[in-house]
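See below for the structure under consideration.
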Amino acid sequence: MKTRYRIKLLVIVALVALVHRLSPADLFAHSHGFRLQEPGQADGVQVFVNYSFDVLLEKDDEPGAYRTLVQNWSKMPGTPTELQCLRWMVCLTEANHASTIPMFVSGNQVYDPQVTMTKHEVSFVDGDGATVRVVFYERE
């Protein structure tokens, strides 16, 4: 049974890679090598990262389901307008620079996301004023 599962997984990954090569879309892969740093924020949140360390956070459980994309080229967290996901494995945006609906703060306040992006971590302030920090680490 394990061999069948591995073959199915390999076929799915190969198909996704083929679609990615044939389109200008951006591929985000789920990995356990990335995690939310702040306690309590990681409950049910999946972290996806692409080759340029853009980060997609996805929580698909109710209540409070959301998708937040932070891209290095814009440094503005937002909700992707088009996103196709294979649950817990990969997500595909419509373009390399995906269009998003920017986050905002309710009221008259100006939203300053304070985005920091390095090869080791990505952090930003969400619409509620909480700092979200994703740390990239290597398995030992």
Side-chain angles (χ1 to χ4, degrees):
M1 191 71 165
K2 247 184 175 180
T3 304
R4 274 190 173 173
Y5 175 76
R6 286 183 182 175
I7 290 172
K8 286 180 184 179
L9 183 61
L10 182 61
V11 168
I12 289 170
V13 170
L15 286 173
V16 169
L18 178 65
V19 168
H20 178 60
R21 292 289 280 162
L22 298 176
S23 71
D26 207 355
L27 183 72
F28 288 82
H30 178 265
S31 175
H32 297 286
F34 314 103
R35 62 185 159 91
L36 286 172
Q37 184 70 17
E38 307 304 320
Q41 288 182 340
D43 297 339
V45 177
Q46 302 293 316
V47 178
F48 297 84
V49 178
N50 69 1
Y51 64 93
S52 60
F53 294 101
D54 297 338
V55 173
L56 171 67
L57 304 176
E58 179 185 41
K59 181 178 181 192
D60 56 1
D61 297 334
E62 294 294 334
Y66 66 88
R67 289 177 170 166
T68 302
L69 177 61
V70 183
Q71 301 174 92
N72 203 8
W73 69 271
S74 71
K75 295 201 174 29
M76 177 56 76
T79 302
T81 56
E82 291 188 38
L83 187 66
Q84 299 171 353
C85 293
L86 185 56
R87 191 173 175 121
W88 299 316
M89 292 182 66
V90 295
C91 288
L92 193 64
T93 60
E94 84 284 0
N96 203 12
H97 290 171
S99 59
T100 61
I101 300 169
M103 280 190 176
F104 62 92
V105 180
S106 60
N108 295 332
Q109 300 175 346
V110 176
Y111 175 58
D112 179 12
Q114 301 174 24
V115 175
T116 301
M117 298 184 85
T118 69
K119 291 181 181 179
H120 303 289
E121 74 175 57
V122 171
S123 66
F124 65 96
V125 175
D126 67 12
D128 296 327
T131 299
V132 178
R133 185 170 169 224
V134 179
V135 177
F136 311 138
Y137 66 95
E138 295 181 25
R139 292 186 182 192
E140 297 174 6

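Everything numeric in this text was worked out from a predicted model, so none of it was measured.
Judged as a side chain to side chain donor-acceptor pair (under 3.5 Å), and not counting sequence neighbours, T116 has no contacts. Scanning for side chain to side chain donor-acceptor pair (under 3.5 Å) contacts around Q84 gives an empty result, with sequence neighbours left out. The salt bridge (charged side-chain N to carboxylate O under 4.0 Å, His left out) search around E121 returns R133, not counting sequence neighbours.
Shortest non-hydrogen contact noted between V55 and F136 is CG2-CZ, 4.0 Å. Heavy atoms only, all atoms of each residue included: N96 and Q71 are closest at O-OE1, 3.9 Å. Heavy-atom minimum distance, F124 versus P77: CD1-CG, 3.6 Å. Between H97 and W73, the shortest heavy-atom distance links the atoms CD2-CD1, 3.3 Å. Here the closest heavy-atom approach between residue P80 and residue L56 is recorded as CG-CD1, 4.2 Å.
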Exercise. Test side-chain contact (heavy atoms from CB on, under 4.5 Å) on R67 and C85 and set out the steps.
Key: CA-CA 11 Å; R67 289 177 170 166; C85 293; 4.0 Å; yes

Exercise. Evaluate the side-chain contact (heavy atoms from CB on, under 4.5 Å) criterion for residues F53 and M117: first the C-alpha distance (whole Å), next the side-chain angles of each, then the deciding distance (0.1 Å), finally the verdict.
Key: CA-CA 8 Å; F53 294 101; M117 298 184 85; 5.6 Å; no

Practice problem: Would you sort out whether K59 and T68 count as a side-chain contact (heavy atoms from CB on, under 4.5 Å), showing the intermediate values? | Solution: CA-CA 9 Å; K59 181 178 181 192; T68 302; over 6 Å; no

Exercise. Given side-chain contact (heavy atoms from CB on, under 4.5 Å), test T93 with L83 step by step and report yes or no.
Key: CA-CA 5 Å; T93 60; L83 187 66; 3.7 Å; yes

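The closest donor-acceptor contact from the side chain of D126 to the backbone of D128 lies under 3.5 Å. Here the side chain of S99 pairs no donor or acceptor atom with the backbone of T81 at under 3.5 angstrom. A distance-only check finds no donor-acceptor pair linking the side chain of E58 to the backbone of F48 [under 3.5 Å]. Of the possible donor and acceptor atoms, one in the side chain of D54 sits under 3.5 Å from a partner among the backbone N and O of N72.
One hydrophobic cluster, built from ILVMFWY side chains closer than 4.5 Å, cannot hold both M76 and V125; they sit in different ones.
Listed by first then second residue, pairs satisfying salt bridge (Lys or Arg N to Asp or Glu O under 4.0 Å) with a partner in residues 71-86 number zero, not counting sequence neighbours.
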